[in-house]
Amino acid sequence: MQRYLSLLLLLSLLSGCSVFKPQPRNTFMEEMTTSPSHKISERIIPLSEPLLGLPYVDGGLGEGPNGQFDRDPLSRFDLFDCTTFVETVLAGAMSYSPSEFERNLIKLRYQHGNVDFITRNHFASADWIPNNQWALRDITQDIALDHTAFAETLIDKPAWYQAMQQDRLQGLPDSIDKTAQLKALHEAGKNLPKIYVRTPYVPLTALNQPEVLDRIPSGSVISMVRPNYDVSHWIGTHLNITHQAFAIRKQGKLFLRHASLRYKKVVDEGFVEYFSQYDETSTLKGFNVQQPIEQALVAGH
């Protein structure tokens, strides 16, 4: 690591840079390839550290230059939304080389690793969590025990597709007819299933018990649950999950590390402090907990 940073410093001086600041991607990849830990949960904190402060931008990733509806990059390190931040860090924690990182990122983001807008894991409760049980284990009920609650809703994928407008088409060249492409996108979603989901969650009221917090592992994925959240007037469907983050422990305290819409960047927030802003009248009722499966790293290496 020291040799790598010394080389970058020399290059920056030769190029006339007065201030040395490693690029987040370089730092991320260096940590990924040289980290002495083989535990995914332990790799998540140092891998995500250089991404703190980077801007929050919704929907910054797509299917790359060959995408039919979204040609934003498959990966990037200059901006994130909540889920792309979690995917990027988790894929890095599971990998030891750039090629492994790309494979794991694709497998996390797309059903069966098939890069296509239609197979992207758009919905956390209906797609992302159930399709990623090869890498994660739902431990929500182990955390909440008798306090476990369940959120139920119907994810109406066909209606979600019909609600899309031209701004959903990203990175397409001017030579492509956007009106025709949007019509094709609507058509592609017509025959997709409506999916009933039942999401276990830890109620916010359970946070009054310190032992509940103590059972949340550092490095786990936290998904914010709003049961049967009606946003159909905006996007055509109800939701159960609206935000994702990592739980991390620093100096004995539990934090959320996430790409925050509120702060417009990647931040650390006290776990209890974050949830204390929501009272009983809020639509946010709790959180789901997914723990990385350590064997996934061995299988991928």
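Numbers for residues simply follow the sequence, beginning at 1. Computed from a predicted structure; not experimentally measured.
Interatomic distance, CG of L239 versus CG of D156, reported as 11.0 Å (0.5 Å rounding). Going from atom CG of D58 over to atom SG of C82 covers 8.0 Å, rounded to the nearest 0.5 Å. The CZ atom of R168 sits 11.5 Å away from atom CZ of F69, with the distance rounded to the nearest 0.5 Å.
Surrounding NZ of K250 are more than 12 heavy atoms belonging to other residues, nucleotides or ligands, all under 6.0 Å away. By the neighbour-count criterion of 12 heavy atoms within 6.0 Å, atom CG of N191 is sparsely surrounded, having that number or fewer from other residues, nucleotides or ligands. Within 6.0 Å of atom NE2 in H112, 12 or fewer heavy atoms from other residues, nucleotides or ligands are found, so the atom counts as exposed in its surroundings.
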Residue pair D78, L54: steps toward the side-chain contact (heavy atoms from CB on, under 4.5 Å) verdict
CA-CA 6 Å; D78 58 333; L54 291 178; 5.9 Å; no
What do the steps show when you test F123 against V197 for side-chain contact (heavy atoms from CB on, under 4.5 Å), and what is the final call?
CA-CA 11 Å; F123 294 93; V197 292; over 6 Å; no
Working for side-chain contact (heavy atoms from CB on, under 4.5 Å), residues Q133 and Q290
CA-CA 9 Å; Q133 291 303 289; Q290 300 284 326; 3.0 Å; yes
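Here side chain to side chain donor-acceptor pair (under 3.5 Å) pairs that include residues 177-188, with residues two or more places apart or in two chains, are Q166-T179, E187-K190.
Considering all non-hydrogen atoms of both residues, I45 and R257 come closest at O-NH1, 3.1 Å. When all heavy atoms are compared, the tightest approach of V266 to F80 is CG2-CD1, 4.2 Å. Nearest heavy atoms, G171 versus R71: O-CB, 3.6 Å. The shortest heavy-atom contact between F28 and T88 is CZ-O, 3.4 Å. Counting all heavy atoms, side chain and backbone alike, A144 lies closest to V202 at CB-CG2, 3.9 Å. Scanning all heavy atoms of the two residues, the minimum distance from L74 to R109 falls at O-NH1, 2.6 Å.
Formation of a donor-acceptor pair under 3.5 Å by the K265 side chain with backbone atoms of R262 is not found in this model. A donor-acceptor pair is defined here as one N or O able to donate and one able to accept, closer than 3.5 Å; such a pair exists between the side chain of H122 and the backbone of F117. The closest donor-acceptor contact from the side chain of N240 to the backbone of R198 lies at 3.5 Å or more, if one exists at all. The backbone N or O of T205 lies less than 3.5 Å from a partner atom in the side chain of N208, making a donor-acceptor pair. Judged purely by atom type and a 3.5 angstrom limit, T119 uses its side chain to pair as donor or acceptor with the backbone of N114. Within the 3.5 Å criterion, the main-chain N or O of I40 finds a donor-acceptor partner in the side chain of E294.
Residues W134 and L108 have side chains in contact (heavy-atom distance under 4.5 Å, counting atoms from C-beta outward). Put simply, the side chain of P292 reaches to within 4.5 Å of the side chain of I44, judged on heavy atoms. Inter-residue side-chain proximity for R43 and M32 is flagged as met; some heavy-atom pair is nearer than 4.5 Å. Contact of the D142 side chain with the V289 side chain is not registered, since no non-hydrogen atoms from C-beta on lie closer than 4.5 Å. Counting heavy atoms from C-beta outward, R215 and L145 have side chains that approach closer than 4.5 Å. When side chains are defined from C-beta on, T140 does not count as touching F287, because their heavy atoms never get closer than 4.5 Å. A heavy-atom distance below 4.5 Å is found between the side chains of D70 and R120. At a threshold of 4.5 Å between non-hydrogen side-chain atoms, the residues H238 and L154 do not count as touching.
Checked by atom type, the side-chain pair Q244/S223 shows a donor-acceptor distance below 3.5 Å. No side-chain N or O of S218 forms a donor-acceptor pair with one of R249 less than 3.5 Å apart. Using modelled atom types, one finds a donor on one side chain and an acceptor on the other under 3.5 Å when comparing D81 with T84. Judged by distance alone, the side chains of T199 and N288 never bring a donor and an acceptor atom under 3.5 Å apart.
Other members of the hydrophobic cluster containing V267, listed by chain and number, are Y263; membership follows side-chain contacts under 4.5 Å among ILVMFWY residues, whether direct or relayed.
Cluster membership for F85 and I129, using ILVMFWY side-chain heavy atoms within less than 4.5 angstrom, is shared. Residues I106 and F77 fall into different hydrophobic clusters, defined by Ile, Leu, Val, Met, Phe, Trp and Tyr side chains chained together at heavy-atom separations under 4.5 Å. Hydrophobic clustering (ILVMFWY, side-chain heavy atoms < 4.5 Å, transitive): V231 and L261 are in distinct clusters. Hydrophobic clustering (side-chain heavy atoms under 4.5 Å, transitive across Ile, Leu, Val, Met, Phe, Trp, Tyr) keeps M224 apart from I155. In this structure, F150 is not a member of the same hydrophobic cluster as I241, with clusters built from ILVMFWY side-chain heavy atoms closer than 4.5 Å.
Contacts of S97 classified as side chain to side chain donor-acceptor pair (under 3.5 Å), with partners at least two apart in sequence or in another chain: S99.
Of the residues listed (F271, F246, Y274), the one engaging I222 in a side-chain contact (heavy atoms from CB on, under 4.5 Å) is F271, and it is the only one.
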